[in-house]
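Below, all heavy atoms of this structure are taken into account, side chains as well, without hydrogens, waters or symmetry copies.
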Amino acid sequence: DGGYLTLLEPLHLIKACAFRGDEDRNGGYYEKTWIKLGDFVRKNLDSGYIALLDVRFVQTLSSELAKQLYSYLSYRFWLAVQRGRDYTAEHWRDLAAYLAASGWDSQWRAKERLASALSELKTRRYIDDASGWSGDEYVFKIGDKFVDELRNRLKAREQYQQWVEGQKQ
């Protein structure tokens with residue numbers, strides 16, 4: 001099959017929409033712009049994982065690896081919290097694969113290449129100072145910056161739920 005993904009069912013991000021001033025089906029006009037999210041998007045939002053990435057924070061990171069690790073850890077930390085943990089442990093080979101790193105043929109090389117990015121994420125409080133290597137895995141402990149982002153995600157989820165409830169009325 002050439003390595004291509006096969007889409008088994010259509011993926012609709014938006015199920016319906018209208019723009020203020022468009023004609024509605026009853027001969028009138030829509031008073032406000034609205035969208036109806038597709039099932040895939042709604043299920044993702046209902047799961048509680050609303051990826052509010054702090055773009056300004058990412059832009060201030062100097063290391064490209066730190067920028068990539070930020071988005072990787074954002075989801076991993078969210079999963080950890082769902083499981084009642086304050087950390088995620090990642091094998092150095094999995095990190096190398098995610099970062100599409102070449103030349104990481106040993107843990108020693110991974111440690112060497114990741115050192116400055118990990119230091120930056122600690123300094124910026126995205127990962128806790130207690131984070132570190134344990135065997136072949138790096139144990140990323142959740143830092144204060146992620147906790148702040150999690151609070152913002154919870155607020156966003158509440159806003160989404162209020163919006164949905166308002167649409168049902």
Side-chain angles (χ1 to χ4, degrees), residues 1-14 37-161 164:
D1 76 49
Y4 295 100
L5 293 175
T6 303
L7 186 60
L8 301 177
E9 59 184 65
L11 175 66
H12 301 284
L13 300 178
I14 297 174
L37 301 174
D39 292 336
F40 176 80
V41 175
R42 282 190 27 248
K43 286 177 187 174
N44 187 36
L45 290 172
D46 288 340
S47 78
Y49 181 70
I50 299 174
L52 297 176
L53 301 178
D54 187 341
V55 175
R56 286 189 185 109
F57 177 77
V58 173
Q59 289 173 335
T60 65
L61 295 172
S62 59
S63 163
E64 289 302 316
L65 286 179
K67 291 175 183 181
Q68 289 179 281
L69 282 172
Y70 169 84
S71 59
Y72 179 81
L73 290 172
S74 173
Y75 181 67
R76 296 300 186 283
F77 281 163
W78 180 81
L79 288 176
V81 168
Q82 299 304 304
R83 296 174 180 140
R85 295 191 317 243
D86 66 348
Y87 70 93
T88 183
E90 305 294 329
H91 195 282
W92 69 267
R93 283 194 175 106
D94 295 332
L95 293 170
Y98 175 78
L99 297 168
S102 59
W104 292 27
D105 54 354
S106 68
Q107 183 184 11
W108 175 84
R109 179 71 72 191
K111 283 182 176 183
E112 181 183 66
R113 297 274 173 92
L114 286 169
S116 66
L118 296 171
S119 176
E120 184 175 11
L121 290 173
K122 282 181 180 181
T123 301
R124 301 296 306 279
R125 300 180 16 244
Y126 197 72
I127 61 176
D128 190 80
D129 284 335
S131 300
W133 289 99
S134 176
D136 287 341
E137 295 182 324
Y138 192 87
V139 179
F140 294 94
K141 299 219 16 118
I142 293 173
D144 294 338
K145 174 67 177 146
F146 176 79
V147 173
D148 291 343
E149 288 180 8
L150 190 56
R151 281 189 195 104
N152 289 334
R153 286 181 188 177
L154 294 173
K155 287 179 194 173
R157 183 177 181 180
E158 289 170 15
Q159 290 170 349
Y160 165 71
Q161 288 173 335
V164 168

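Between Tyr72 and Glu90, some side-chain heavy-atom pair lies under the 4.5 Å cut-off. At least one side-chain heavy atom of Leu99 sits under 4.5 Å from a side-chain heavy atom of Leu114. When side chains are defined from C-beta on, Tyr126 does not count as touching Leu69, because their heavy atoms never get closer than 4.5 Å. Side chains of Ile127 and Leu118 form a contact here, defined as non-hydrogen atoms less than 4.5 Å apart.
Panel note: side chain Ser131, backbone Lys141; a donor-acceptor pair is recorded below 3.5 Å. Under a 3.5 Å cut-off, the side chain of Thr123 and the backbone N or O of Ser119 do form a donor-acceptor pair. The closest donor-acceptor contact from the side chain of Glu120 to the backbone of Lys67 lies at 3.5 Å or more, if one exists at all.
Evaluation of the ring pair (Phe, Tyr, Trp, His ring centres under 6.0 Å) rule for Phe140 yields Tyr138 as partners, not counting sequence neighbours. With sequence neighbours excluded, no residue satisfies side chain to side chain donor-acceptor pair (under 3.5 Å) with Tyr87. Considering only residues two or more places apart in sequence or on other chains, Glu112 meets the side chain to side chain donor-acceptor pair (under 3.5 Å) condition with Arg109.
When every heavy atom of Arg124 is checked against every heavy atom of Leu61, the shortest pair comes out as NH1-CD2, 3.9 Å. Considering all non-hydrogen atoms of both residues, Ser63 and Ala117 come closest at OG-CB, 3.6 Å.
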Derivation and outcome, side-chain contact (heavy atoms from CB on, under 4.5 Å), residues Phe77 and Glu149: CA-CA 11 Å; Phe77 281 163; Glu149 288 180 8; over 6 Å; no

Checking Asp86 against Asp128 for the side-chain contact (heavy atoms from CB on, under 4.5 Å) test, could you report, in this order, the C-alpha distance in whole Å, the side-chain angles of both residues, the deciding distance, and whether it holds? CA-CA 10 Å; Asp86 66 348; Asp128 190 80; over 6 Å; no

Given the rule in the side-chain hydrogen bond (donor to acceptor under 3.5 Å, both in side chains) test, do Tyr75 and Thr88 qualify, once you have shown the distances and angles that lead to the verdict? CA-CA 10 Å; Tyr75 181 67; Thr88 183; over 6 Å; no

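A salt bridge does not link Asp148 with Lys145: every distance from a Lys NZ or Arg NE/NH1/NH2 to an Asp or Glu carboxylate oxygen is 4.0 Å or more.
Rounding to the nearest 0.5 Å places CG of Asp136 at 11.5 Å from CG of Leu95.
Taking the six-membered ring for Trp and thresholds of 30 and 60 degrees, Tyr70 and Phe57 have ring planes inclined between 30 and 60 degrees apart.
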